[in-house]
Protein chains: 2
Amino acid sequence: MKANIYDIANKAGVSTATVSRALGDKQNSVKPETREKILKISEELEYRPNSLAKNLAKKTTSAIGLVLPEIQGDFYNQIIKGVDEIAFSGGYHLIVASSHSKRNIVESLLGFMHESLVDGVILMIPSMNNQLEEVLSNYKIPIVIMNDIQAYKKYDIVCIDNYQGAYSIIEYLIKSLNHTKIAMIAGPAGNHDSQMRKKGYISALKNAGIKIRKDWIIEGDFTTKGGELACSRILSLKEKPDVIFAANDNMAAGCYNVAESLGFNIPNDISIVGFDNIELGSYLRPKLTTVHVPVSEIGKISTKVLINRLHNKDDNSVEPQNIKISTGIIIGDSVTKNNYLDHNIRGKK
Amino acid sequence: MKANIYDIANKAGVSTATVSRALGDKQNSVKPETREKILKISEELEYRPNSLAKNLAKKTTSAIGLVLPEIQGDFYNQIIKGVDEIAFSGGYHLIVASSHSKRNIVESLLGFMHESLVDGVILMIPSMNNQLEEVLSNYKIPIVIMNDIQAYKKYDIVCIDNYQGAYSIIEYLIKSLNHTKIAMIAGPAGNHDSQMRKKGYISALKNAGIKIRKDWIIEGDFTTKGGELACSRILSLKEKPDVIFAANDNMAAGCYNVAESLGFNIPNDISIVGFDNIELGSYLRPKLTTVHVPVSEIGKISTKVLINRLHNKDDNSVEPQNIKISTGIIIGDSVTKNNYLDHNIRGKK
DNA sequence: CTCCATAATGTAACCGCTTACATTTGTAAA
DNA sequence: TTTACAAATGTAAGCGGTTACATTATGGAG
């Protein structure tokens, strides 16, 4: 039978309070010899604290909930890994939930937050909606959001600088590689990160004096399959772009699939650019040019922010933080350098 | 302030017991109108049960712990997804822990099992050792192990049939493609799954009357980097094999990297075979020939077995199960067909 | 109308731990 | 030896539910 503090208290001839203090308290509120004795007995009895009881009494759980739209794929993986690492080293357990397929994310959230299973939640959502906002505003355990949502100033937000990431790689395509005919496979319209990436793309083109062509912006869904569909649509256009900028690497991978099956050579016939720099990208041939996103860093920083909140729970003076993580560019072999000659020739095709 | 059953009881003019029954009990032990009223009030008060208290009183947690050696990579991802799916639909929460890098898995396990955070554990370990065995045998919440460990009959085990998987793909290489010169990059020596794969490889060769060459069996570590190292060692041998059988796809991917950088053409100069059929494999070019492992199925079945145990906790009559999931072969383009002529020519090189 | 089985509800102990407050013990100064 | 105060320990009330058992209400049979 599992031993509890009563057993220890009995055997040691002290009260449960002393046992509790000997085992838990940081301050030396117990005489060293007593503590010694208690420790020894708890060893003998193979005592393991019941954290349920502990949490109930303490009104905390030492657990962090992580709610993701998906649990599969390198991207989410990295997030989980980052969160896990910091959570663990901060003494927190991690409960992961995905809102995949039939479950709606709100329900998932409710489950987490309201049943006091967790002290705080790290949340990545495809998009904010009214229902969700109501849920979030109703329940007051700390939340950190990992989406590029500027509108919601009342939450801590940690995300990558999607706008800057998209802007800079498009700028690179234009200024360094002389490209002008750049199409985009955007992410789902409702998705905030996706919106910012699109904005970055548009701004970069505009600032370079390039006209935006609506027919060169296709909406995808961040999946490989979606990338395939979008890509085949682009490649069947009468007037084709030279470069396809996919809003994430998965969709870029979809482009590779389609290009291959249609007999398009990358980058000679069509250049491909991705976003995220997930592991998969490094296996694509030619190597994918993409925006580097320090994904696990997002998880890590979010967790730090959350734990920080948890440690200063009463202190409401700290303003919600809005942390943007900057991106980099990974130069692969999936984009041609378009010198003017080339460009003209191609233009005349 | 969060409402509890006392608040509801007060407002409804009943006792907490009645509230508890109205909210929880399946049997109609409460008068419909009373239940109605209580339900309504609990709505008004936005009552959310405190599962900590519930679990403490009920002595269960409705949570399943999943302990993995790693949390990153498509393979583990699939596992998590499978477990998550079944756990959720069975009304269980999922707590994921990885034993990665500095943490040792035993410690992680201890944390989980002993603090009564979970009702049961699903466990994947790199290898069984004495320390771990002691931990496992000491604490008596249900455990399902996802490794190919025959020696430990007392646990429920769900794993793939590594032996058969390796055996059959080697047999395929030999009988259908006429290969005889097959090297293997094995997994870590301590790893049980890895050992079984190696056994399958050896048996298949032996049964076909092919001599085992020790210098053609190199130990890897299941990582891409490890695959690279092993592959470059093989490719620098005086007498090279025609086929490299990597014990998992990650290492096969490493072979691709090395082959590419050394100028070897796959499959003409060297054929590559993998194991696992993770998503990554489908992006390799030429497409990887590999052993299909229904990874998420492992997670699903393990979880079913565990939940089954949890539901029949008192019933010790059920013998530990040992479920082996069979594999298949994915035929890609990474292996040549070796007809005799070819073979001889190549042999003379 | 009384009686009694049964349905409905209430009482209170318990799950295992924490912690505010009370009490006892120890020790150095007076 | 007292006194005074700090250190060590004990007491007991929660935390928010569940549930065995006790009690009360209900309604049909006699």
Side-chain angles (χ1 to χ4, degrees), chain A residues 1-39 41-42 45-63 113-119 139 141 313, chain B residues 1-39 41-42 45-63 113-119 139 141 313:
Chain A
M1 195 52 217
K2 262 181 111 176
N4 58 26
I5 49 170
Y6 283 88
D7 302 327
I8 300 178
N10 269 339
K11 201 157 180 182
V14 299
S15 74
T16 61
T18 304
V19 175
S20 175
R21 282 191 279 257
L23 261 32
D25 260 5
K26 300 296 156 198
Q27 305 95 307
N28 294 30
S29 52
V30 176
K31 206 204 291 182
E33 305 128 57
T34 316
R35 158 169 281 143
E36 202 76 0
K37 183 163 63 169
I38 291 174
L39 252 42
I41 292 178
S42 81
L45 262 40
E46 289 183 337
Y47 168 74
R48 303 292 159 183
N50 178 324
S51 58
L52 245 35
K54 178 187 290 188
N55 295 340
L56 180 58
K58 281 196 158 183
K59 295 204 144 214
T60 68
T61 68
S62 309
M113 300 173 56
H114 296 178
E115 297 190 1
S116 61
L117 266 177
V118 297
D119 290 346
Y139 304 98
I141 66 177
K313 212 165 179 179
Chain B
M1 197 49 218
K2 262 181 111 174
N4 58 26
I5 49 169
Y6 283 88
D7 302 328
I8 299 178
N10 270 339
K11 200 158 182 183
V14 298
S15 73
T16 60
T18 304
V19 176
S20 175
R21 283 191 278 257
L23 262 30
D25 260 5
K26 301 296 156 197
Q27 304 95 308
N28 294 29
S29 52
V30 177
K31 208 204 290 183
E33 304 128 57
T34 316
R35 157 167 284 143
E36 203 75 357
K37 183 163 63 170
I38 290 173
L39 252 42
I41 292 178
S42 81
L45 263 40
E46 289 183 336
Y47 168 75
R48 303 292 160 183
N50 178 324
S51 58
L52 245 36
K54 179 186 288 189
N55 295 341
L56 179 58
K58 282 196 157 184
K59 296 202 145 213
T60 68
T61 68
S62 309
M113 299 174 56
H114 296 177
E115 296 187 4
S116 62
L117 265 178
V118 297
D119 290 346
Y139 305 98
I141 66 176
K313 212 165 181 179

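Just so it is clear: chains get the letters A, B, ... in the order the sequence lines come, proteins before strands, and each one is counted from 1.
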Could you give the side-chain donor-acceptor pairs of residues 8-15 of chain A under 3.5 Å, partners two or more places apart or in another chain?
| from | atom 1 | to | atom 2 | distance (Å) |
| --- | --- | --- | --- | --- |
| A:S15 | OG | A:A17 | N | 3.4 |
| A:S15 | OG | A:T18 | N | 3.4 |
| A:S15 | OG | A:T18 | OG1 | 3.3 |

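We find that CG of A:N10 is positioned 13 Å from P of C:dC17, with the value rounded to whole Å. Regarding A:L52, its CG atom lies at a distance of 13 Å from the P atom of D:dG17, rounded to whole Å. When the C1' atom of D:dT9 is taken as reference, atom CD of A:E33 falls 13 Å away, rounded to whole Å. Taking atom CD1 of B:I8 as the reference point, atom P of D:dG16 lies 13 Å away to the nearest angstrom. Atom C1' of nucleotide D:dT18 and atom CG of B:L23 are separated by 12 Å, given to the nearest angstrom. If you take CD1 of A:I38 and C1' of C:dC17, they are 14 Å apart, rounded to a whole angstrom. A straight line from NZ of B:K58 to C1' of C:dC15 spans 13 Å, rounded to a whole angstrom. Between the P atom of D:dC15 and the NZ atom of A:K59 lies a distance of 7 Å, rounded to the nearest Å.
With B:V19 as reference, B:I38 is the one residue of B:T34, B:I38, B:I41, B:V30 to meet the side chain to side chain contact (heavy atoms under 4.5 Å, CB included) rule.
Taking five base pairs at each end of the helix from C:dC1-D:dG30 to C:dA30-D:dT1 and finding the rotation axis that steps the C1' atoms of four pairs onto the next four gives two axes whose angle is 60°, to the nearest 10°.
Closest of all the heavy-atom pairs between A:K2 and A:D7 is O-OD2, 4.0 Å. Closest of all the heavy-atom pairs between A:I5 and A:Y47 is CG2-OH, 3.6 Å. Listed here is the closest heavy atom pair of B:A22 and B:L39: O-CD1, 4.3 Å.
For B:D119, the side-chain contact (heavy atoms from CB on, under 4.5 Å) partners at least two apart in sequence or on another chain are B:T60, B:T61, B:Y92, B:L310. Not counting sequence neighbours, the partners of B:A53 by the side-chain contact (heavy atoms from CB on, under 4.5 Å) test are A:L56, B:N50. Remark: B:K54 pairs with no residue by the salt bridge (charged side-chain N to carboxylate O under 4.0 Å, His left out) rule, at least two apart or across chains.
Nearest to the side chain of B:N4, among D:dC15, D:dG17, C:dC17, sits D:dG17.
For the atom pair CZ of A:R48 and CG of A:N4, the computed distance is 14.5 Å after rounding to the nearest 0.5 Å.
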N/O contacts under 3.5 Å, protein versus nucleotides 5-14 of chain C?
| from | atom 1 | to | atom 2 | distance (Å) |
| --- | --- | --- | --- | --- |
| C:dT9 | OP1 | B:T34 | OG1 | 2.4 |
| C:dT9 | OP2 | B:K31 | N | 2.9 |
| C:dT9 | OP2 | B:T34 | OG1 | 3.4 |
| C:dG10 | OP2 | B:S15 | N | 2.6 |
| C:dG10 | OP2 | B:S15 | OG | 3.2 |
| C:dG10 | OP2 | B:T18 | OG1 | 2.8 |
| C:dG10 | N7 | B:R21 | NH2 | 2.8 |
| C:dG10 | O6 | B:R21 | NH1 | 3.3 |
| C:dG10 | O6 | B:R21 | NH2 | 3.3 |

